[in-house]
S.K.: 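Below: one structure in structure tokens.
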Amino acid sequence: MFRACHVTWLLFLLLLKLGALNVHLGFVVGCHEAEREALLKFKQSLNDTQNRLSSWEGQDCCHWKGVGCDNVMSYVNRLDLHESSCNPYNDDIVSWLMTSTKLDHSLVELSRLNYLDLSCINFQGSQIPGFIGSFKHLRYLNLSYSNFGGVVPSQLGNLTRLRTLDLSMLVYTAYSLSSDLNWVSRLLSLQYLNMNNVHIYRSMNSTHMLNMPPLLRLQLSNCQLKVPPFLTLFSNFTKISTIQQVDLSSNYLEGSLPTVFVNMTSLRYLDLSENQINGAIPLWLKNMRKLQHFDLSSNLLEGPFPHVFANITSLTYLDLSSNYFNGSIPLWIQNMGKLQNLNLYNNNFSQVEGGAIMGILGNLCKLKSFDLSGNSIGGEIGAHHNLSKCATYDLEDLELSGNMIGGTLPSWLGDFKSLRRLFISGNAIEGPIPEGLGQCKALVQIGLSSNNLRGVVSESLFANLSSLGSLDLRSNSLEVNLSSDWSPPFQLTWLGLKSCKMQMEFPRWIGKQTGLDFLDLSDNMLSGKLDALFQLEHLEQVNLSHNQFTGPVPYFSSSSPLNSIDLSYNLLSGPLVHSNPSAKNDSVGAFVCHLPSLQFLDLQRNNIIGTIPDCWDYSEELEYINFSSNNLSGTIPMSMGQAPNLNFLKLSNNSLQGPIPPTLSSSSNLQILDLGENKLIGNIPFTWNRETHPSLKMLRLRGNQLDGAIPTTLCSLPMLQLIDLAHNNLTGDIPRCFGNLKGMQSSQFNSHNLDILSQDPLDDITTVVLKGAELPYTRTLKLVVNLDLSCNVLVGSIPDEITNLARLIGLNLSHNHLSGIIPMKIGDMTSLESLDLSNNNLSGTIPSSMSNLTSLSIINLSNNKLYGQIPTGSQLQTLTDPSAYEGNPGLCGDPLPNKCETSQAQNQPQQNQKQHDKKEDLENPWFYFVIISGVATGFWGVVGSLLLKDRFRFALFQLVDNVVDYLYVQVMIRLNRFRN
């Protein structure tokens, strides 16, 4: 018996050896025919645009790309078609190189599969087929980023040998499971489960889940998890203590940190970021001594820096960013010697214990990333002795931007030989940039903008920085002294040298940075022409504003990726349309209209002449156009109103003529429209209403030749907060419905979208005439609420309804033909800072409620027919200029020299009220209705009776005869007496 068994084992081992030898020597030709045909049929179902499966030819399918076979029987046991260019860690980068309408059923023939990876193949929303559950030997299944639709089939629960299941990011939108998750409990061998972006909330809430397998790694990011089903999930784990990795980020977990993690004694990785967890960090967390990666970013946690982390010495990654932690950052952090990443960005920390920012490093020799940006931390970076505890540091990323750090940049920053990214922008750092920084040869990005740095930046600083790709020195007091012919050792993609005192022509060395996609050289003293600049093929954003560049507007190639162009505040001249320098003939280029990616275009304050090209209907991405303060002529092109995403259009201070194009009624995304200071004629379009312009916040048409009435349809614009129609020929009344303008009423007005208006605080977005002066506004424009109808031919009275505009800061109705009285409730406009009603025909007294205008700083009521005493009030008495009331002979009181009589002052309120009551009666339509009704009733009550009743008519005539006879007799008697 023993001998027979021994012989059997020898034969078995011999067969194994021969099988391996046959494979090695090539005796087995190809794989099994049925499997080869199945693979070929599967290939035919795929649209292989990159010809990735070109090797799928011949008889031996075991040597095809992505196919693996066992060494004994040559059965296909592995199919791996994943594409490395499909990045599973970046949701914004998915490159589908192969597509298919469905997963072909031919794969059923591969019954010996133990590894199947079809990630990043686009199955175009088709259903995950249930036949995948028939692969009994499968241990690895990856369908991530495969764009499957429908529901996840419960047949996957048949894969009892499965160890890894990745269904993450099946689609980009909401995804639902089958009716329950019980099939997961049948995967007894499962160790890794990834269902990121698979919405399983309802499945967990509606059924009772069986025991979960003994997982080691669980990823349920963006699964719409809430607290009750989340706790149910972990209560069903058979061995919760074995879990090593948990990712529950981007869900709806709220309340305090769940205590369920206390039992996860093997946990090494925990990500709870982007939830709604609040309160303080609990003390029980100190027992999780094996924890290495802990992410609590983007929650609602608060309190001082948690002391529990002093006990978790195994931590290598700690992210507490975007919470509400406050107080000081303790120095004991330097004892967390294994820490490699520390992110405290966007909290409320105010200082580092000891005052030295870099003193926190201490023993953190392995720290690679350190982010304290976006807090309110003061103090200085620190002295060199703070770093003496480590021979070298591994620090690669140092971010301290957006704090209140002072002092100077220490020269020993050059000791960080591994430093790749340095960001200290938006602080109060003084002094020069130390030359020692140039010794950080690994530097890729430098960000030192918006500080108080001074001194000269020379070429020697960059001599060793061959890896540098991003340099930002904007908004300091530096003097960048780099010669035009300098040959830098690096190739930049990002360059910001705004306000760096570069007094030269456009530097030629910048033109050699062929990979540059961002360039800001604004507010320097650069001169010359710009032809060479726009030969940079990768340039996406360029800001050369506030310089002295001359010559024509450069030609832009239609293949350029430019999305933002700012050439404002220069000396550019010539027309917007000119010849294409690369064309063989004299064809006319269409300027920037055909740049496919263009979003922002600012050419204001140059000397550009000619007409605006009519080609804007091709500009699908364009949002911002500013051609103001040039010498443009002709009409506004029709196509300018057909740019579908346009939200800012400013053409003011030119010589444009003709009517306002009707196509502007199609610009439904417009927020700012400024056509002021031109020669436009015709009417303001009556087609502008809440349907055509639901987002319009500012309408500026001042300084044109527009006529006709003010359209009442403007009253329906829900967001309108600034109207300037001054200096036109508008006639008719001020619409009473102006009192319904919601954007000027509500204190809850939503103006967050106005932040798109300003790229740079140097540039005035628009000029508003307010408080008697032209004031440029940028980001503060969202706070300006103004109504200016001055210098027109408006008649009638000032509507009482206008006092409903509680947010109004400026009101100017001067130089019209308005009559009547000043509205009695004008004191309700408590936000008014400037009021000008001068040069009209207003009469009556100044309402006493005007003393309620506590914010008023400018007032002008001159040249009207006002009389009586000027009201007194805490704010009005500070406005002591008598010219504000001159031209009203009947006015008296301060600040005028003529004083009021006592009786006149006492009777003024009563007279004022009577006049207002009389005005209201005369303007009330019911007043006239009652009078007419009374007359009609009296007349027809008498005449109608006489016409209908003969007896009444005879009686009346008899009465008249009797009266006449009686009067005749009386007259004759008195006449005879007089004669006698």
S.K.: Would you kindly say whether the two SG atoms, from Cys62 and from Cys69, are closer than 2.5 Å?
M.R.: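 A disulfide, yes.
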S.K.: Is it the case that the side chain of Asn278 and the backbone of Leu257 share a donor-acceptor pair, with hydrogens and angles ignored and the cut-off at 3.5 Å?
M.R.: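 Checked: no pair found.
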S.K.: Should the pair Glu396-Arg421 be classified as a salt bridge under the 4.0 Å nitrogen-to-oxygen rule?
M.R.: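 Judged by the 4.0 Å cut-off on N to carboxylate O distance, Glu396 and Arg421 do not form a salt bridge.
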S.K.: Using every non-hydrogen atom in the two residues, find where Ile243 and Met264 come nearest and quote the distance to one decimal.
M.R.: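 Here Ile243 and Met264 meet closest at CD1-CE, 4.4 Å.
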S.K.: Parallel, tilted or perpendicular: which describes the rings of Phe305 and Trp332, with under 30° parallel and over 60° perpendicular?
M.R.: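 The arrangement is perpendicular - the two ring planes meet at more than 60°.
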S.K.: Just checking, is any N or O donor in the side chain of Asn194 or Tyr192 under 3.5 Å from an acceptor N or O on the other one?
M.R.: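 Distance-only check passes for Asn194 and Tyr192.
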S.K.: Quick one: pull up NE2 in His63 and OG in Ser55 and give me the separation to the nearest 0.5 Å.
M.R.: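 Output value for this atom pair is 11.0 Å.
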S.K.: Can you name the closest pair of heavy atoms from Leu159 and Phe135 and give their distance?
M.R.: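 Where Leu159 meets Phe135 most closely, the heavy atoms are CD2-O, 3.1 Å.
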S.K.: Side chains of Asn251 and Asn275: do they bring a donor and an acceptor to under 3.5 Å?
M.R.: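 No.
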S.K.: Please check if the number of heavy atoms outside Leu283 that lie under 6.0 Å from its CG is greater than 12.
M.R.: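 No, because the 6.0 Å sphere around CG of Leu283 holds 12 heavy atoms or fewer from other groups.
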S.K.: Is it the case that atom CD in Gln276 sees more than 12 heavy atoms from other parts of the structure closer than 6.0 Å?
M.R.: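 Atom CD in Gln276 is packed in, count exceeds 12.
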S.K.: State whether a side-chain donor-acceptor pair under 3.5 Å links His293 with Arg268.
M.R.: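 There is no such pair (donor and acceptor under 3.5 Å, judged by atom type) between the side chains of His293 and Arg268.
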S.K.: For the residue pair Trp64 and Trp56, does the interplanar ring angle fall in the parallel (under 30°), tilted (30 to 60°) or perpendicular (over 60°) class?
M.R.: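 Rings of Trp64 and Trp56: parallel, as their planes differ by under 30°.
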S.K.: Any side-chain donor paired with an acceptor under 3.5 Å for Thr242 and Ser266?
M.R.: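 No - no donor-acceptor pair under 3.5 Å links their side chains.
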S.K.: Using a strict cut-off of less than 4.0 Å between a Lys/Arg side-chain nitrogen and an Asp/Glu carboxylate oxygen, indicate whether Arg78 and Asp80 qualify as a salt bridge.
M.R.: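 Result for this pair is yes, salt bridge flagged.
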S.K.: In terms of heavy-atom contacts, does OH of Tyr345 have more than 12 from other residues, nucleotides or ligands at under 6.0 Å?
M.R.: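 No, OH of Tyr345 has 12 or fewer neighbouring heavy atoms, counting only those of other groups under 6.0 Å.
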S.K.: Working to the nearest 0.5 angstrom, can you tell me the gap between Met195 CE and Leu225 CG?
M.R.: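 Result: 11.0 Å between the selected atoms.
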